[in-house]
Each structure stands twice: as C-alpha cells, then as structure tokens.
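The block underneath contains the structure these notes are about, expressed in structure tokens.
Counting starts at 1 for both ligands and their atoms, in listed order.
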Amino acid sequence: MRTAGDIGAGLGLRLPSPLEPLHDDRLSRHGVRLLLKRDDLIHPDLPGNKWRKLRHNLAEARRAGHRTLLTFGGAYSNHIRATAAAGRLLGFDTIGVIRGEEHLPLNPVLAFAAGQGMRLTYLDRSTYRAKTDPAVVERLRREHGDFHLLPEGGSNALAVRGCAEIPAEIDVPYDVICCPCGTGGTLAGIAAGLRPGARAIGFAVLKGASFLAGEVARLQREAYGRTVGSWHVDLDHHCGGYARRTPELDRFIDDFARRHGMRLDRIYGAKMMLGVFALVADGRIPPGSTVVAVVTGRLDGE
Ligand SMILES: Cc1ncc(COP(=O)(O)O)c(C=O)c1O
C-alpha cells in the first residue's frame, strides 16, 4: 500500500519548506522577529497549502482505488488549478466543477487546468450552492462515474491533517504562526500542530467572515473529534472583502516589494502580512515575540 509518506515521492517536492528570516525595521523596532515559512516553494504547480491539503487526500484516493478526483471551485480557484496539476503528476483523471457559466476563451486558471487534462463542467450558481447535497453529488456520479470527492477549497479532515504538518517542520522556538484564512482548513491544521504555548492567527480574506471560527472548529472536530490548539480568526484585515483591494493594501504590497524583493499575492498573502504588521504595531503581537508567517501560495508575478 502506498502511504501519504510516499505519494509525493518523485515529484521533486521541496519539503520541509524553507524557513527564512525577514528583516524589517517596522518589526524590529517592536522587538518582534518574523520568519517566513516558504511553502510557496514546495512545488511550482502545487504551492503552499495546496500540497499540504492534497497530500493525504491523494493517498486516500489511491488507497481506495479511485482513478478520478472531482472537486469544486470558482473560475479563478487556486485549488482547481492545483488539483488538475496533481492529477496529471500522479495519474488521476480530474473533473473540475466550476461555479457559474462557461466563459470562452477560458481564463488562465481554467486554461491551465484543461491543459493538465482536467474535464471542466459547470453548475449554475444555485445548484452550486447545493453542491454538498447528496442529490447533487449523486447526479455528478451518474454523469461522471465514480470519483474521490474533494470539497471546495480542498478543506476536509485529511487536508487539516496535512496542514498540521507545517508547524512540525519549524525547528526554532516561535510564539505565533500566522496564515491567511479563506475556508479555515489551513488555520485548523496549523493550530492543531502548534508546539505547546504557541498560538495561531488566521487572517480572514473575506468580509463579514464571523462564520469562519465555526468552520475552523468544525474542521478540527472532523479531523480530531475535538477543537485543538490556541487560535483565532482576525476579521479586521480583509480590505473590503474577497479579492477586493484598498489603496492601503496596494501601497503595502509595493513597499514590501521594494524593501524585500517579494511581491505578495494580493488576495491572500498580502492581507495576512498587512495584518501581522498591524498587530505588531499595536502590541497585540507583543514585543519579544517570534512570529512565523506561512506563505500559502505563489507570489504575484510568478
Ligand atoms: C494561496 C492561498 N492561501 C490561503 C488560502 C486559504 O486557505 P484556507 O481555505 O484553508 O483557509 C487559499 C485558499 O485555499 C489560497 O489559495
């Protein structure tokens, strides 16, 4: 039997991902040390939390003898893109169920997915909202045959277990691990893997995401039967909502790129980093802390 330990063998994955200090006087003046956990460097097509979330799911799909992966996402979903790449690399057929109508020509994300061999199919928005209903899943099975189902965003109990492996790779003392938060799976896992005494902060990239704490707790219960670790969801740095931007965010990204030669992705990474700097400035991340910020996806412009 192939285990999760070897499903990625031969893919050239860079694991453990590098841990790099980031020197910035806006943090050092508060006595805070920041380390970047460069999960973006794990694999060009399976970067960041994508490999973490897929790893045990792919092993389980293989163990169960499934030849096909089916998953859901919006037309710009990083998860759709990564699932398509994982399928090609590991020999699974893949089906991407996309929210809304087909638009041609395909955007770059869906064109990439199709290029990897993913079969794309579309659900109108109201059916898409009901995608977890047994009747909708059954209809998909009738149309496409048997498959291993990955939820939207890839967040399920196995994904949480994969994300819990991030803290285990950190071999220096730390106080806080930070990540962006979309569906909550990454935070749920990181929090479960924390060393004793440390805490995790997830920065919501959506507006009005007070539901996210419940989602993180639900995912942890699904994975471990209980909630685990010290964590919370920061709701103050979404910059207007999903994929929205503010002049402050744009300025922060440009300035960060000038200082550090690194262009943070504006949907996830930049909002987390903006939040980290704000919490350091106002003391909610106190002086003397070592903070690890997880780079959960590709940098912009790559
Ligand atoms: C690059 C990137 N970072 C962070 C997230 C948020 O992770 P999660 O959905 O597990 O909260 C996503 C979405 O999956 C993502 O694509």
Walk me through it: do Glu215 and Arg218 pass the test salt bridge (Lys or Arg N to Asp or Glu O under 4.0 Å)?
-> CA-CA 5 Å; Glu215 273 303 287; Arg218 182 187 67 75; 2.9 Å; yes

Plane angle bin for Phe277 and Phe252 - parallel if under 30°, tilted between 30 and 60°, otherwise perpendicular | perpendicular

Mode of Val205 contact toward ligand 1 - side chain, backbone, both, neither (heavy atoms, under 4.0 Å) | neither

If you draw a 6.0 Å radius around CD in Glu143, do more than 12 non-hydrogen atoms from other residues or ligands fall strictly inside?
-> yes

If you draw a 6.0 Å radius around CZ in Arg67, do more than 12 non-hydrogen atoms from other residues or ligands fall strictly inside?
-> no

More than 12 heavy atoms of other residues, nucleotides or ligands under 6.0 Å from CZ of Arg244: is that the case?
-> no

Cys181 heavy atoms within 4.0 Å reach ligand 1 at atoms 11 (O)

Report the nearest protein non-hydrogen atom to atom 14 (O) of ligand 1: residue, atom name, distance rounded to 0.1 Å.
-> Lys50 NZ, 3.4 Å

Without hydrogens or angle criteria, can the side chains of His144 and Thr68 be said to hold a donor-acceptor pair below 3.5 Å?
-> no

Would you say Gly182 and ligand 1 have an N/O pair spaced under 3.5 Å apart?
-> yes

Which of Lys53, Arg55, Arg52 passes salt bridge (charged side-chain N to carboxylate O under 4.0 Å, His left out) with Glu165? It is Arg55

Heavy atom under 4.0 Å from ligand 1: found in Asn78's side chain, backbone, both, or neither?
-> side chain

For Glu20, look at atom CD and say whether over 12 heavy atoms of other residues, nucleotides or ligands are found less than 6.0 Å away.
-> yes

Within-cut-off N or O pair, Gly184 and ligand 1, under 3.5 Å = yes

Where does Lys53 meet ligand 1, judged by heavy-atom distances below 4.0 Å: at the side chain, the backbone, both, or neither?
-> side chain

Atom 3 (N) of ligand 1: closest protein heavy atom, distance to 0.1 Å, is Thr296 OG1, 2.6 Å

Heavy atom under 4.0 Å from ligand 1: found in His79's side chain, backbone, both, or neither?
-> neither

Counting from 1 in the order shown, the ligand 1 atoms closer than 4.0 Å to a non-hydrogen atom of Thr186 are 7 (O), 8 (P), 10 (O)

May I ask you to list the atoms of ligand 1 that are less than 4.0 angstrom from any heavy atom of Gly297?
-> 1 (C)

Output yes when the distance from some N or O of ligand 1 to some N or O of Asp265 is under 3.5 Å, and no in every other case.
-> no

Within reach of ligand 1, part of Cys163 (heavy-atom separation under 4.0 Å) | neither

Quick one: nearest non-hydrogen protein atom to atom 9 (O) of ligand 1, plus distance?
-> Thr183 OG1, 2.6 Å

Which protein heavy atom lies closest to atom 13 (C) of ligand 1, and at what distance to 0.1 Å?
-> Tyr268 OH, 3.5 Å

Those atoms of ligand 1 less than 4.0 Å from some heavy atom in Ser155 = 10 (O)

OH of Tyr76: more than 12 outside heavy atoms within 6.0 angstrom?
-> no

Which residue, Asp300, Asp254, Asp255, Asp40, forms the salt bridge (charged side-chain N to carboxylate O under 4.0 Å, His left out) with Arg263?
-> Asp254

